[in-house]
Amino acid sequence: MIKIATFNVNSINARLPKLLDWLKNSKPDIVCLQELKCEEKNFPFEALSDAGFNIAVNCQKSYNGVAILSKYKIDDVIKNLPMLDNSNETDPQARYIECVISVNNQAIRVASIYVPNGGSELMADQKIEQSEKFIYKLNFYDRLQSHISSLASYDEIQIFAGDYNVACQEIDIYDPKGFEGQILFHLQERIKFRNLLNIGLIDSYRVANQESQAFTWWDYRGNSYAHNKGARIDYLLVSPKCADLIAESDIENEGVRDQEKASDHCPTFIKIDLC
DNA sequence: ATGGTCGCGAGGCGA
């Protein structure tokens with residue numbers, strides 16, 4: 001049984017002691033991390049290597065940054081999604097890393113993804129759909145879909161895990177009416193997210209939890225966690241070949257999000273049975 | 001209540 005988790009840590013260095021505790025207790029084999037918020041030279045390679053992980057990173061100073069930790073060997077690392085026009089321009093924002101991990105002679109393609117939040121202060125009379133950050137978010141989704149489509153023919157075990165910054169359905173956010181048209185629950189971004197499901201990816205949390213309401217993120221402001229005012233915006237979207245192997249899928253907020261110095265997100269994971 | 005709270009890095013931006 002292999003456990004694969006995703007966790008937006010909101011600064012790898014601010015979270016390091018808590019992250020190491022969680023790794024020790026939760027015992028994931030593969031972890032996708034988002035919001036590292038550090039340059040590569042400041043990434044805690046030694047501490048995480050000592051914890052037993054191979055490491056692949058795509059770092060950026062102060063903002064963004066994604067990584068993959070794995071108990072198994074990491075190969076074929078790709079950093080950043082291609083641009084839609086296939087130009088050789090690289091995205092200045094470090095939001096994507098992908099690799100192939102071999103477990104008992106089976107290849108698993110794993111990606112750690114940090115979709116842009118897309119929210120911003122709006123000028124007078126400006127609508128959210130007109131803001132540059134929101135347009136960048138929608139464009140990032142288009143790039144992601146294009147890339148995932150290009151991998152579909154491989155018929156692999158594929159896991160696209162990370163912070164998608166979208167609550168999929170009404171059950172996935174505490175106040176769907178209040179968030180209608182707002183960031184995290186705007187129709188246009190929900191359509192982009194659903195497009196990933198329409199091309200064949202599966203929301204792995206829902207494989208084992210059809211009806212339950214559970215969140216992976218709670219705003220630091222307003223004591224949101226105590227009031228359970230959250231949203232499910234972190235996902236492991238998986239290929240059909242992976243979905244067939246799922247033995248368990250869940251969210252780990254207790255003992256993580258309720259701690260001092262917690263990230264505003266908590267981990268979510270799947271366990272898969274590799275024959 | 002047009003705020004609130006973190007993290008980065010040293011003022012304001014991003015979430």
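Sequence lines set the chain letters: A, B, ... in the order given, protein chains first and strands last, and positions in each chain run from 1. Only heavy atoms go into these numbers, but all of them, side chains included; no hydrogens, no water, no symmetry mates. Keep in mind that this is a model prediction, so the values were computed, not measured.
With hydrogens and angles ignored, the 3.5 Å screen pairs a side-chain donor or acceptor of A/Arg15 with a backbone N or O of A/Lys261. Between the side chain of A/Glu189 and the backbone N or O of A/His186, at least one donor-acceptor pair lies under 3.5 Å.
Atom CG in A/Asn42 sits about 17 Å away from atom P in B/dG7, given to the nearest Å. Distance A/Lys229 NZ to B/dA15 P: 23 Å, rounded to the nearest Å. When the C1' atom of B/dT5 is taken as reference, atom CD of A/Glu260 falls 13 Å away, rounded to whole Å. Rounded to whole Å, the distance from CG on A/Leu122 to P on B/dA15 is 14 Å. Atoms CG (A/Asn64) and C1' (B/dC8) sit 12 Å apart, rounded to a whole Å. Per the geometry, CD belonging to A/Gln60 stands 17 Å off P belonging to B/dC13, to the nearest Å. Remark: C1' of B/dC13 and CD of A/Gln93 are 12 Å apart, rounded to the nearest angstrom. The nearest whole Å value for the distance from the OH atom in A/Tyr63 to the P atom in B/dG7 is 14 Å.
Distance check on atom C1': B/dG3 versus B/dA15 gives 16 Å, rounded to whole Å. The same atom, P, is picked in B/dG12 and in B/dA1; the two are 28 Å apart, to the nearest Å. For the P atoms, the distance from B/dG4 to B/dG9 is 24 Å, rounded to whole Å. Only the C1' atoms considered, B/dG11 is 16 Å distant from B/dC6, to the nearest whole Å.
Distances were taken from every side-chain heavy atom of A/Asn117 (C-beta onward) to each of B/dG7, B/dA15, B/dG9; the shortest belongs to B/dA15. Side-chain proximity of A/Ala14 to B/dA15, B/dG14, B/dC8: nearest is B/dC8.
Taking only side-chain nitrogens and oxygens, A/Ser120 never comes nearer than 4.0 Å to OP1 or OP2 of B/dG14. Between A/Arg95 and the phosphate of B/dG14, there is no side-chain N or O to OP1/OP2 separation shorter than 4.0 Å. Remark: A/Lys133 is not in phosphate contact with B/dA15, judged by side-chain N or O atoms under 4.0 Å from OP1 or OP2. In this model, the phosphate group of B/dG7 is approached by a side-chain N or O of A/Arg15 to a distance below 4.0 Å at OP1 or OP2.
Near DNA chain B, meaning a heavy atom under 4.0 Å from it, residues 215-224 of chain A has A/Tyr220, A/Arg221 in order of number. For DNA chain B, no neighbouring residue in residues 177-190 of chain A is found when judged by any heavy atom under 4.0 Å.
Enclosure of atom CG in A/Asp85 by more than 12 non-hydrogen atoms of other residues, nucleotides or ligands within 6.0 angstrom is indicated.
Map A/Gly119 and A/Asn10 each onto its nearest nucleotide of DNA chain B; the residue landing nearer the 5' end is A/Asn10. Toward the 5' end of DNA chain B, the nearer of the two residues A/Ser11 and A/Asn165, judged by each one's closest nucleotide, is A/Ser11.
At the heavy-atom level, A/Tyr225 lies nowhere under 4.0 Å from the strands shown. A/Lys261 comes within 4.0 angstrom of sugar-phosphate atoms only, judged by non-hydrogen atoms across all strands, and of no base.
Ring centers of A/Trp218 and A/Tyr174: at least 6.0 Å apart, outside the cut-off. A distance below 6.0 Å separates the ring centres of A/Tyr235 and A/Phe193.
Donor-acceptor pairing under 3.5 Å is lacking for the side chains of A/Asp258 and A/Asn253. Inspection of the A/Glu35 and A/Ser11 side chains reveals no N or O donor paired with an N or O acceptor under 3.5 Å. In this model, no donor atom of one side chain and acceptor atom of the other lie less than 3.5 Å apart for A/His265 and A/Gln34. No donor-acceptor contact under 3.5 angstrom links the side chains of A/Asp234 and A/Trp217, judged on distance only.
Cation-pi geometry between A/Lys71 and A/Phe53 is met: the NZ or CZ atom falls under 6.0 Å from the ring centre, inside 45° of the normal.
With sequence neighbours excluded, the residues that form a ring-ring contact (aromatic ring centres under 6.0 Å, His included) with A/Phe43 are A/Phe45.
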